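Beneath this line is the structure, given in structure tokens, with notes to follow.
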Amino acid sequence: MTSTVNPERVLKELAELWVSQGKSGHPEEGEPQAGVLRACTMTLVVAEEDDRDWSALGETIAALMPEHPARAILIRLTGAGDRALSDRVYSQCWMPFGQRRQICCEQVEIAVSDAGLPDLPSVVRPLAVPDLPLILWCRSPRLLGMPEFDAIGTTARKVIIDSGGNLALADVARFAARGTLLADLAWTRVTRWRETLSQLFENKQNLARIQALAEVSVQHAAHFGNSAAYLAAWISNALPNLKISIAPDPQCDSLRLALWGEGLRVEMERRQDRLVVKVNGLSRCSNLPLLNDYSLMREELGIVRRDPVFDQALARAVQLAYANS
Amino acid sequence: MPSENPLQDPLRFERQVPECVVVIFGANGDLTKRKLLPALYRLAYDRRLSAGFAVVGISRTPLSDLQFRDKMLEAVKQFSEDTTFDADVWKTFAEGLFYVAGDINDAGLYQRLAARLTEIESARQTGGSVMFYLSTQPSQYASAAQGLGAAGLGKGKGWRRLVVEKPFGHDIASARELSDRLHEVFDESDVYRIDHYLGKETVQNILAFRFGNGIFEPLWNRRYVNHVQITGAESIGVEGRGAYYQEAGALADMIQNHMLQVMATIAMEPSASFRATSVRDERSKLLRSIRAMTPDEIRRNSVPGQYGPARIGGQDVPGFLQEPGVSPGSQTDTYAAATFFVENWRWAGVPFYVRTGKRLPKRVTEIAIQFNPAPLAIFGEGDGDRSPNLLIVRIQPEEGISLKFLSKRPGSGMNLRPVSMDFNYGSSFGERSPSAYETLLLDAMIGDATLYTRQDMVEASWSVVEPIQNVWRETKFSFPNYDAGAWGPAAADEMLARRGHVWRKP
């Protein structure tokens, strides 16, 4: 470990990594090429506190790699201490089922103290893969509140945060106002709910009654408050005349939604990895496991452009939160 | 009433299926059990189907709704290859499964079906939209359509669509006659002729690869492409379907539909948009541009084959003539190869070699585009491998794309060797790819016919294949002419050798 990081040395180590991976592969019968295949669609920078569960994070990134192969740069935030940066370089490989060749993605881990944060952008920029988007996944609410975050954020095409913890939606809106392409995993958590609700109005009979809907109620588990606000805000943007109520419910495992009006009642509830939908008493059950970081990131990494529906929902959710306070 | 759903979010939502009923004729058949129900269950599992979605199975066997549901439950458990079975999802899905027993030629069946659809529409709010899926003997297609028409089921409150499986006739005249009969009840735009090859991810990816990238299209013509090989190989034999297969043969069963559709996708001109009509217009135009050969040309440019007995992996494998249900002395082609030429400015003079067969060494479907060598050979014979550049589009079993090019072998001197740059669907995108039937059923329910075959395409394909069939019928071949487990008859190798080419061994 050194107290500084030389990006050129890291790049050289990455290159050497591929050479050694290539040598370790066995030439195929009649095919003289190396035994590993390199894959990359983006640079994924992940910032996380040192004292959090890094093995779980490693598993999440490993799970993401087959679908979103990336050069992953993991920023380990070590907190107080001298102005210091350190690094290590390694690869993550997997053998696709039924194939003979490994697929490998490269990873760089950089430990940085709070005092070293101003140096971070100058390290990340040269390590980013040319011509491919850089996505920053900031898992540390503390970092979000620090002035250095802006400098790191500007290196990214898209910044992903999760306001599902303690972050107020007003703070999310402030980040978004800086012009960053922002994603909030609390919003991503409601995609399948929104999709299922939308699906109901592909039915012409239901669509004919949509304007008769009068009220919507969203109940939520403690840590789903912002997701509930997003869901209600999105519905409110589409159907502005609805009376909206959002309330916590300790019995609820994530969210519970009800919309009603003349001739139409829709209820949606998640129970034991299944989403149960009732439309005027007719029920339908489908698969809906509780989304983990992998599932949420998998969706967000697939969208590297502005999401106007999210922007509008965020603005409305802030209004709803303000009205409720 | 709003005309559009205000809760749409196309950036994040999957395409959504409107409320409808799928009526499956031949609900006791293999296709329903192995493909259709598992695909529909998977769509339900993935939240793709609407709350009121329903299936009505039709077959001659008397069954109650409950008995039909039990049968389909077994089928879904047995044939859902990569889907977890979820009893709760099944329970609500199965509540939408119904059954009507009857003979396709009996007018009473359609009356009972009409009554059942009315009940379902009212109970499940399906809005009157119905998709009829003919998973029956091809000889029953016209009767089924006529029966639906006579009972007034060809039109209704919602949309009405008809999905038919291949074969679409056995020659141009029969294909045309079938279409005429279907059109008496359904408009051509409501007839969905399914070719499951077109539902495969890689076949769709050909369009993305060709028309989403700027770097390949300039090379996609006679100036740079030396020839194209399209292979659809199966390692299995006729698997108990000898009686059916000897009426069809490899040329009609595979080349007339799957292989020519794949060829059309690889060779078509860019369409003006990705709308169904534009894409299908271009595919159709390409099929019409394939030169119909004269009898003499057919003898030089096509090769039928039939496998004989052999030992594979220490096991005795019967020849086609030894398969159950096959007539002694049958002249059915279990292998077919042909050289096609496309008569347009892009492809003039470029041979498209197409082959398909049963009991070949492995199951593989792929397209290999061989490019011309560099115009000036600055490297000598002694400078290593001089393999041509190849672009290989693999359709099955592993979907992906490989580009083969020459590179300098590390070390002193100039020694070249081929290297392969691979893109593999399974590994580059770890996400489960939907099965071809999931894709195609979903498309038909949504009303997207891009991946379906149109009548003019069917006729254009028959125009290419029928003259070959006619010449083969008039010729007595010395079958079997290849051993089970080999890459086809020697005559197929000779067909390529005449132009200085060799078949790839995928």
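Throughout, protein chains are lettered first and strands after them, A, B, ... in sequence-line order, and every chain is numbered starting at 1. Owing to the predicted nature of the structure, the values given are computational and were not obtained by experimental measurement.
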Using modelled atom types and a 3.5 Å cut-off, is there a donor and acceptor pairing between side-chain atoms of A:R284 and backbone atoms of B:S50?
yes

So do [Y] and [X] actually touch side chain to side chain, heavy atoms under 4.5 Å?
{"X": "A:R194", "Y": "B:L7", "answer": "no"}
{"X": "B:R47", "Y": "A:R192", "answer": "yes"}
{"X": "B:P6", "Y": "A:I210", "answer": "yes"}

A:K278, NZ atom: more than 12 neighbouring heavy atoms under 6.0 Å
no

Chain B contact via [X] - side chain, backbone, both or neither, heavy atoms under 4.5 Å:
{"X": "A:N206", "value": "side chain"}
{"X": "A:Q272", "value": "neither"}
{"X": "A:V309", "value": "side chain"}
{"X": "A:L64", "value": "neither"}
{"X": "A:T196", "value": "side chain"}
{"X": "A:N280", "value": "side chain"}

Test item: side-chain donor near acceptor, B:E14 and A:Q199, under 3.5 Å
no

Side chains of B:D9 and A:S198: is there a donor and an acceptor less than 3.5 Å apart?
no

Return the NZ to CZ distance between B:K91 and A:R274, rounded to the nearest 0.5 Å.
11.5 Å

Atom pair CZ (B:F53) and CG (A:N203), whose distance is rounded to the nearest 0.5 Å:
13.5 Å

Where do [X] and [Y] come nearest, in terms of heavy atoms and distance?
{"X": "A:F201", "Y": "B:N5", "result": "CB-OD1, 3.6 Å"}
{"X": "A:R306", "Y": "B:L11", "result": "O-CD2, 4.0 Å"}
{"X": "A:L200", "Y": "B:A51", "result": "CD2-CB, 4.2 Å"}
{"X": "B:Y45", "Y": "A:S286", "result": "O-CB, 4.2 Å"}

Quick one: of B:R48, B:R12, B:Q125, who has the most non-hydrogen atom pairs under 4.5 Å with chain A?
B:R12

Relative to chain A, which segment of B:D86 carries a heavy atom at a distance below 4.5 Å: side chain, backbone, both, or neither?
side chain

